[in-house]
Amino acid sequence: MTTEDTSAMEAAIDRWNGIAAPNQAARAGLADHLALITAFEALRGMLGFEDEPASFEAALRAEQEKA
């Protein structure tokens, strides 16, 4: 995350909620939060819950079929 990204997010939080980051630790936490969002966005479309077995028994059958 860039300083621009965190500055834009800080401005949006202040505009919507009237809350400013109290210190540098809060700004670092915001940067970590934005990095986490970016990491999840990179996974979009790659994860498929429907690809997973719906139950423990189904998982056992799926593993047995692989062998």
Side-chain angles (χ1 to χ4, degrees):
M1 289 284 97
T2 66
T3 305
E4 249 178 50
D5 293 334
T6 54
S7 296
M9 184 61 80
E10 277 188 73
I13 292 169
D14 185 41
R15 185 172 40 254
W16 281 89
N17 302 302
I19 300 169
N23 54 34
Q24 189 56 38
R27 288 181 191 87
L30 180 60
D32 290 344
H33 183 72
L34 291 173
L36 182 62
I37 291 171
T38 302
F40 276 118
E41 285 175 344
L43 296 174
R44 184 172 288 160
M46 297 173 64
L47 303 175
F49 178 75
E50 60 277 354
D51 296 338
E52 297 297 321
S55 68
F56 181 71
E57 289 81 13
L60 288 176
R61 282 193 297 273
E63 289 301 315
Q64 187 178 21
E65 289 171 4
K66 289 180 184 179

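What you see below is based on every heavy atom in this structure, not just the backbone, and it leaves out hydrogens, waters and symmetry mates. In this chain, numbering begins with 1 at the start of the sequence shown. This one's a predicted model, so the numbers in the text were calculated from it and none came from an experiment.
- Judged as a salt bridge (Lys or Arg N to Asp or Glu O under 4.0 Å), the pairs with a partner in residues 17-27 (not counting sequence neighbours) are, in order, E10-R27.
- When the salt bridge (charged side-chain N to carboxylate O under 4.0 Å, His left out) test is applied to R61, no partner is found at least two apart in sequence or on another chain.
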For the pair L30 and I13, evaluate side-chain contact (heavy atoms from CB on, under 4.5 Å) and give the outcome as yes or no after the intermediate values.
CA-CA 11 Å; L30 180 60; I13 292 169; 4.2 Å; yes
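- The hydrophobic cluster containing W16, built from Ile/Leu/Val/Met/Phe/Trp/Tyr side-chain heavy atoms closer than 4.5 Å, comprises no other residue.
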Show every donor-acceptor pair shorter than 3.5 Å between a side-chain atom in residues 17-25 and any protein atom, with sequence neighbours excluded, or say none if there are none.
{"from": "N23", "atom 1": "OD1", "to": "A25", "atom 2": "N", "distance (Å)": "3.2"}
{"from": "N23", "atom 1": "OD1", "to": "A26", "atom 2": "N", "distance (Å)": "2.8"}

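- More than 12 heavy atoms of other residues, nucleotides or ligands lie within 6.0 Å of CD in E41, so this atom counts as buried by the packing criterion.
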